[in-house]
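Quick caveat: nothing in here was measured; it's all calculated off a predicted structure. Quick note on labels: first sequence line is chain A, next is B, and so on, each numbered from 1.
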There are 2 protein chains.
Amino acid sequence: MTNLSRKARYALKALYALTADEARGPVLIADLAERENIPRKFLEAILLELKNAGILKSKKGKGGGYALARSADQITMGQIIRVIDGPLAPIPCASERVFVRCEECTDETICGTRQVMKKVRDAIAAILDSTTLADVQTQIARSRFSTTATVTYSI
Amino acid sequence: MTNLSRKARYALKALYALTADEARGPVLIADLAERENIPRKFLEAILLELKNAGILKSKKGKGGGYALARSADQITMGQIIRVIDGPLAPIPCASERVFVRCEECTDETICGTRQVMKKVRDAIAAILDSTTLADVQTQIARSRFSTTATVTYSI
DNA sequence: TAGTAACTCTACCAGTTTTATAGACTAATG
DNA sequence: CATTAGTCTATAAAACTGGTAGAGTTACTA
């Protein structure tokens, strides 16, 4: 059931970097791609999606680049992952926001799988919607403090 | 992030039916396939996997078929889903049982995504490993009681 | 106000995974 | 020992994922 796409992992990695660079103003796609080891064109598409979703903002022209649209404590993991990978529910008919009836389900009111997966969805959402980029940032810093320090962000 | 495969949904559907038929002895693949609307050959492969994992047992020859290998309260959703769809963790490096280092992760001890996804994994596992086929069976019965009754199992 | 740095968009492609099918083979039961 | 029913191998269409190419557009700033 392994499920977070590489695309989403790239997105998160990029956002961690942008969070750290929040103060320093817009970051260039090319720089971000190189520093974080993400295929440039692929990253381009990812950042664009995040921008269209209101998570990032961009500035064109000289001195431009990408930056967080809101402060890091206003952006949750749930928001990010939903943008890139879609609903959190393990099964479309268990999604709160984007309910989709599933073909092989005769009657979803009595579907056992659905009832269990609704619980799973709620558990996942509870965690991801309450964890912000700022929280993750703090956790990273804390881990780095207690182990030997590297300066790169891992995904 | 929608993630439970159709194969797993078929597996669960078939297992619900086998749970209900527990008393009546082995069920034929062909019957199961028709009743539950699952492609016959595909179901065959699924049942075989479940058998190899010790969840089902089969009997060949006349009067043969498939049946649960253990009683329904000894089979958890977690066991079933792991057999068909692999680890529950949304990311390989967050898996407890089948840890796989992820390529783009420089240092997993300080990886923010990993730390969050470990929490998610634990939450998912807590639910799926404590829910048995018998539990689901009960829930289905309860739902059927409180709504208008249909006799089919939905997935 | 022109040049250029940088973002935006469309289209495409290759590889993998998922879902599904066909048929030959093997084993056990009555 | 025939029949019934499960097992195995191979194959293939379809969908998805990850990645690439290049033309086009926008907005800074000198």
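Side-chain N or O atoms of B:Arg9 include one that pairs as donor or acceptor with a backbone N or O of B:Leu4 at under 3.5 Å. With B:Lys13 contributing its side chain and B:Glu36 its backbone, the two residues share a donor-acceptor pair below 3.5 Å. Judged purely by atom type and a 3.5 angstrom limit, A:Gln74 has no side-chain atom pairing as donor or acceptor with the backbone of A:Ser71.
The side chain of A:Phe42 sits closest to D:dT20 out of D:dG6, D:dC8, D:dT20.
With rounding to the nearest 0.5 Å, the separation of OG1 in A:Thr113 from CD1 in B:Ile140 is 7.0 Å.
Bracketed by its first and final contacts, the part of DNA chain C lying under 4.0 Å from non-hydrogen atoms of chain B reaches from C:dT19 to C:dT29 in 5' to 3' order.
The shortest distance between side-chain heavy atoms of A:Leu15 and A:Tyr66 does not fall below 4.5 Å. The closest side-chain heavy-atom distance from B:Glu44 to B:Ile38 is not below 4.5 Å.
To the nearest angstrom, P of D:dT7 lies 7 Å from CD1 of B:Ile29.
In the model, A:Asp135 has no side-chain atom that pairs as donor or acceptor with a side-chain atom of A:Thr138 under 3.5 Å.
Taking a 4.0 Å limit (strictly below) on heavy-atom distances, residues 43-53 of chain A reaches DNA chain C at A:Glu44, A:Leu48, A:Lys51.
Note on A:Glu96 versus A:Lys118: salt bridge recorded, some NZ/NE/NH1/NH2 to OD/OE distance being below 4.0 Å.
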